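Note that the coordinates shown come from a computational prediction; the quantities given were computed from them, not determined experimentally. Throughout, protein chains are lettered first and strands after them, A, B, ... in sequence-line order, and every chain is numbered starting at 1.
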Amino acid sequence: MNTEFMFFIQLVVSGIALGCLYALIAVGFVLILKATGIMNFAQGEVIMLSAFICYFLVTTFHVPFLVAVLLTGIIAGLMGIVTERLILRPMLGEPIFSVVMVTIGLSIFLRSMAGILFGHNNLVFPSPFPTEAVKMGGIVVSQTEIWIMLSSLVLAAVFFIFFKYSRMGLAMRGTADHQDVALLMGISVKQVFALIWAVSFITAAASGVFLANVMVINLGLSVVAIGAFPAIVLGGLESIPGAIVGGLAIGIIENLAGGYLDQIIGGGVKDVTPFVVLFLVLMIRPYGLFGKKEIERV
Amino acid sequence: MEFKKMKTVLTITALICLLVSPAFAERGVTEDTIKVGLILVKTGPVAALGLPDGHGMVDYMKYLNDQGGVHGRKVQVIWEDDEFQAPKSVAALKKLIHRDKVLCLITTGGSNQTIANMKTINKYKISNIPNALMQEFFDPYQPYIFAMGATYECQYQCIVDYIFGDMKADKPRIGVLYAKKEYGKIGLKAIRERAKAYGVDLVSELVLPTGAVDASSQVLTLQKNKVDYVITCDVLPPVISFLKTAEKYSYKPKAVFGFNWATDDMIVKACGKGAENYIGVNFVGGWNDDSPGMKLVRQIAKTNGREVKDIGLTSLYIHGIGASYLFGEAFKRVGKDLNPDSLKAAFETFKDFDTGGIFPPLTYTDKSHAPPEMVKLFKADVPNNRLVSITGWRTPKKMD
Amino acid sequence: MDLLEIRQLSLNFSGIVALSDVHMAVKKGQIHAIIGPNGAGKTSLFNCLSGVYVPTEGDILVEGKSIIGLKPHKIAKLGIARTFQNIELFANMNVIDNLLLGRHIHMKSGPFSGSFFIGKTLREEVKNRLKVEEIIDFLEIEKVRKQLVGSLPYGIQKRVELGRALTMNPKILLLDEPAAGMNLEETEDIARFVLDINEELGITILLVEHDMGVVMDIVDEITVLDFGSQVANGSPREIQANPKVIEAYLGQEE
Amino acid sequence: MAIRSKTFSESYHEDIKLFRTIWLKSWIGLFLVVLAVLPLIGDPYIVYLINLSCIATIAALGLNILTGFTGQISLGHAAFFAIGAYATAIISNRFQVPFWVCLPASGVLAACAGIFVGIPCLRLKGLYLAMATMSFGVVVEYVVITWDNVTKGVRGISVPTLSIFGYPLDSNNKIYYFLIVLTALAILSAANLMRTRVGRAFIAIRDRDIAASVMGVNLTQYKVMAFAISSFYAGIAGGLYAYVMEYIHPEHFTFLLSVQYLAMIIIGGLGSVLGSVFGAVFITIIPEFIKAFAQFLTLLFPALQDKYDDGWNIAAFGLLIMLFLIFEPKGLSGIWNRIKTCFKNWPYTY
Amino acid sequence: MLKVNNIEVVYNDVILVLKGISLEVPDGAVVALLGANGAGKTTTLKAISGILDSQNGELEDGQIEFMGNPIHRLDPDRIVKKGITMVPEGRRVFENLNVMENIKIGAHTRTDRRQVKRDVEKTFDYFPVLEGRKDRLAIFLSGGEQQMLVICRALISKPKLMMLDEPSLGLAPLLVKEIFAMLRVVNDKQKTGILLVEQNARVALNFAKYGYIMENGKIVLDGPTDLLVKNKDVKEFYLGVTDKMEKKSYAQVKHYKRRKRWLS
């Protein structure tokens, strides 16, 4: 096969791997958005904290990797519940703006706490995945990436089934529509919220652990979450399948832009392209690719 | 009620900070102390660079005090955090001058913070050693800025020289990865021009951003373009990302180069075998060098209970100690009559001043505060998890 | 010429037919009612009239001029004002500001003159405030003048909304279920206001209402809609006797 | 019982005055006097912080007009701020024109950018709009960095000293008065604008856009106008920032700055002119208070001296924002209103 | 079955909305609560179903008992489990769920999932219209269909007491009749108690056995409905008929500011 074509395919494949990471991060955002209408700006910090926690579990406490991942998930879940209980529950019924601002405050708080607790050094995760990459017909995929893709896929399927068919999933969707009516249906909105924050934080923990495997762990890790914003919006803010498709699209677009546009236009187009694409998509579809158009009823 | 309480507390604290501002006749110098400021990022993502640097500065001053101080005076360091933001840096300098009334600053932090403070520095005669390496700081002559460390241009010229000179590369295919920052852009330009002087054009010029999740597209492009010498103009984390990604795609250029902010043992610890072909330049000695200066550095770290893994980036810790070392020497040379002018004059008596291998020998005159344009090259020593120097101090070759 | 004429109006909405082939005319000075079961398209018709929806087919003429395709604010300038089924007041403004907004189309000040608030702008504000106070008097809401409308009881809010439409000085007033959710006393008040508006201010009124007591007592003409199309048209007496209307809407009297 | 003069009005003209009571007028007078003598007694550090607060106030006012009053969320305010700052820097460098040309030009340029963003964003709402404006911010940052022969890119660009009719304002204390006057003007005109026809239309769009359009408000025109006015304010603030810092760099105008402005208006109070002022001052000054408090603590407990981590300052800042909003979700203007009612009713509690 | 004893409710810590309300719904009975806007009828229902907290309201005083147990300190989900379901005002469907899911969500508190399936089919018998719209999103239903849907949604939880807040609001006369006929069937067959809040006094008094009339947060009049309809004030202010049982015409309403007063 000619090298030009292989280059393209390889860009797309690594774009998919990157996209899965974005998708995973985006799902964490979308879960909370969907159920409570809140954009959680502290999501990036949770991702970063999880990476640190997993790192220290493995290096300082010599916990086996899989157990460490499990523990990180549990800690993140607990953090979610605590966050909901202490910070967001008192805000029930307050303007959404103020609640979003509280999450910004939380992000500032968590970031500096991470600095205090874990230091400011650049840390490198002793990756449990073999560095030997898998080669399939000339296409290279690292084992870490395979794991990222698989777990994103599994998580997506689990969420889809959960929201479509389970009693609790239905309750969550109902709560997303009308909190007060959900209360009247006998749904414990408090429980729903606690659960949703826990699940979202666990998803963030998963993306944190994976990021730790591909990036240097430091306080800057939280910024990656901003890179997932275009994915969320492309997906239409409240749709989980949308977030996943959005994530993949952004991953691929970013890599293709890096591979082709960077040479032509020059200078870091790779990072800007997702945002330009996002802007253009919104011009044509103001509710993202998968978002529902709200019907104006007066 | 609560609010009232909070208000009272706040008012009281405000009054305290207003009133507890001591006034001295001579700024920052008394019979037994010298007050020295330090503006360097302590918190946030960039703190990985600021903290070891600042710790080095503080630790050396402590060492100096333990030795009995300078002419009977102890040095007191006040470290202000600017969060790597210019407005905060400007505020910090105002506070240090007007509240704390410091004599000088060891450093004003990054380039853009230093430039924002330039006017105040000149007005209040604040001697300092910025830790960014820009030509603007000494060309034209800035009376109170003492530049230390080879400029980015010089560093990259030395790298290109090394490719053509020491590695004897014939028609090398050179690719550059750069960050869209000061150092990245200057570096790119310097490399491009230097390579041109050797009669070679750059094959690829790619951006590798600081927070890059992965470097796949960059690695693939370099691989496709058959680049065999990669020069990075990036700080540590992205360089590490790059080396790891390159390893994944089994992309093995003959050498990968990095400049001083990415030349640290950390890179070998992080990438292991992936860093095999890494070569870095720096204007500070290596942690394991056998020079008297580096012995002192290791000793200071030990007395302060700092182990290598707590320090983080050791090269920056060394830089910090070096900067304080220069100030200590200047204080000594002034003698008893210490003030902003005499301090500047003392700095200007440095002639081929030897720091014992921490910095290259340096000279300041009343016409030029230019840094010594000298660097060492370091190569990865994978089994021992560190970088080892492969050259002595060298300057860019004269081209004609 | 009729003040308002609707010709062969159709509206499709995500594949659902909301209106089909509706035609009716409102004569100047009359009170005209539209009745019909829920989902018959009454509110959709109002939305077409005020420009919120653009009909798929047909024509709407105000004093002989077509308003199809005009943006809502243009239609407002032509003299069509309306109220909404679920109150659509600006909840964070006080009553005066809500009513002053109704004067929007009669005022001129722009961002520059507004920033300085002297001379002409000031005079304009005061002048329009007078007009607003007239309406406040008319609707007997003096006491709540400076309250935020969000905190007012439902009945008063409905009245404020009516006032907001009145301050626009409209030729035609569209009222969407003005008496819904009102008890008898409040319904009586509204009925009286509707009559007064029609008689004293000479404004033509088109209203949608389910309270047959009100409709039959105060209106001049009724149009009945069902499933988006017109079933009957005529005076209250005729409609009450129309078997088709009884079957689809009124039900047999017990 | 104290009888206060002038709590009723005799005409509508009086009823709509901004400063109605003699008390209010005297308080404002007193406040202005304090501001006027401050540079003579306070140190330049405080003056500099007030200067920053002034700039933040003007920018926050702009954002509040767009987000708080008109309900159009913007996460790209830093971009308009940057456009203003760069316009001032570039124009004053290239053409050596005085501030009274530069500053309005910066505002107008930023306003044009606002219109340019506003028009395609007309159909967007809520988070979608926030993300679109954020994208604009990212693109502006990219352009500023990349277009280096005009903006000097990552080198940063220095700005000539601001001089008023030949008199150079070369220190913070001198530029301070200039800023105070401009800020007062900005506050007044925003307050005026918000209580006239245009302002009412803005609020109407925020509360119920469909109802507003049915009442005759041209949504397109007014939304774009809100964008333009908002970015005009941001542009002016940016220009002033350039003059105060005398050197600007792309890193000053990141996404985080946009978030910071949003924080100011939410903490201050959305849809409140006074709230923007409170919020801007709060966000600018509070970190200093925290630092002072931390220093105070280390004085009390010398054991903390070496252990104290500066991260705590920022953690405390984040915590303060959270606690504040949990206890007072309506922001500082909510507290202000409560104090005001308390004063009005004094000595009665209700 | 339900006993409300002297409850007081305060909103935002300052506004006293209910000033000591007592009422009772006997087993399987139909009780109507009438009153002007802002009298506190909806607040009473909210207090019973326990959702005051989420709206800045607070129950300051009094007790609410259901089947002999106090419920006023319980969370709303527990109250639903005990068998009280409320149908809120204004057809509050879950717009982004389809009809089937809307009904299923009503069965959230039930654990017998098989039986739920059968019951869903049964509720469709009451309103066959809905069966044809099973998969349509609730937002696309007409107002009448939405009202039917919320009633179905409440019924599926098998309540012992159903509270309806203005079910006739904005509905066509024919539809109002249909819905009340259906409620009658539910009451007869399943012995579900009904507490009805209505603006439409004529319909409500016709439907209920016992009525309470509220003014300004207080109960001012109560009694069996057949007695209430004969009360002079009720006739004048709620039914709009004159002494001679003639209907007043709205066109003849007099042009002076009227105030009515209840002795209280």
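- Residues A:A133 and B:K248 come closest through the heavy atom pair CB-O, 3.5 Å.
- Heavy atoms closer than 4.5 Å to chain A are found nowhere in B:L208, neither backbone nor side chain.
- For A:V224, the part lying under 4.5 angstrom from a heavy atom of chain B is the side chain only.
- Residues A:G259 and B:T221 come closest through the heavy atom pair CA-OG1, 4.0 Å.
- Contact of B:S250 with chain A is made through the side chain alone, with heavy-atom distances under 4.5 Å.
- Side-chain contact check for B:K224 versus A:M6: every heavy-atom pair is 4.5 Å or farther apart.
- Taking 4.5 Å as the limit, every side-chain heavy atom of A:V216 sits out of range of all side-chain heavy atoms of B:L236.
- Heavy atoms of B:L220 lying under 4.5 Å from chain A belong to its backbone as well as its side chain.
- Using a 4.5 Å cut-off between heavy atoms, B:K269 does not touch chain A at all.
- Here the closest heavy-atom approach between residue B:D310 and residue A:N121 is recorded as O-ND2, 3.6 Å.
- Minimum heavy-atom separation, A:L219 to B:P45: CB-CA, 3.9 Å.
- With a threshold of 4.5 angstrom between heavy atoms, B:K42 approaches chain A through N, CA, C or O but not through any side-chain atom.
- Side-chain atoms of A:N218 and B:P237, non-hydrogen and from C-beta on, do get closer than 4.5 Å to each other.
- When all heavy atoms of B:S217 and A:G258 are compared, the closest pair comes out as OG-CA, 3.7 Å.
- Considering all non-hydrogen atoms of both residues, B:A47 and A:H120 come closest at CB-CD2, 3.1 Å.
- Contact check for B:M266 versus A:V124: side-chain heavy atoms found under the 4.5 Å cut-off.
- Neither the backbone nor the side chain of A:S112 comes within contact range of chain B, judged by heavy atoms closer than 4.5 Å.
- In this structure, the portion of B:N225 lying under 4.5 Å from any heavy atom of chain A is its side chain and not its backbone.
- Contacts between B:A212 and chain A at a heavy-atom distance below 4.5 Å involve the backbone alone (N, CA, C, O).
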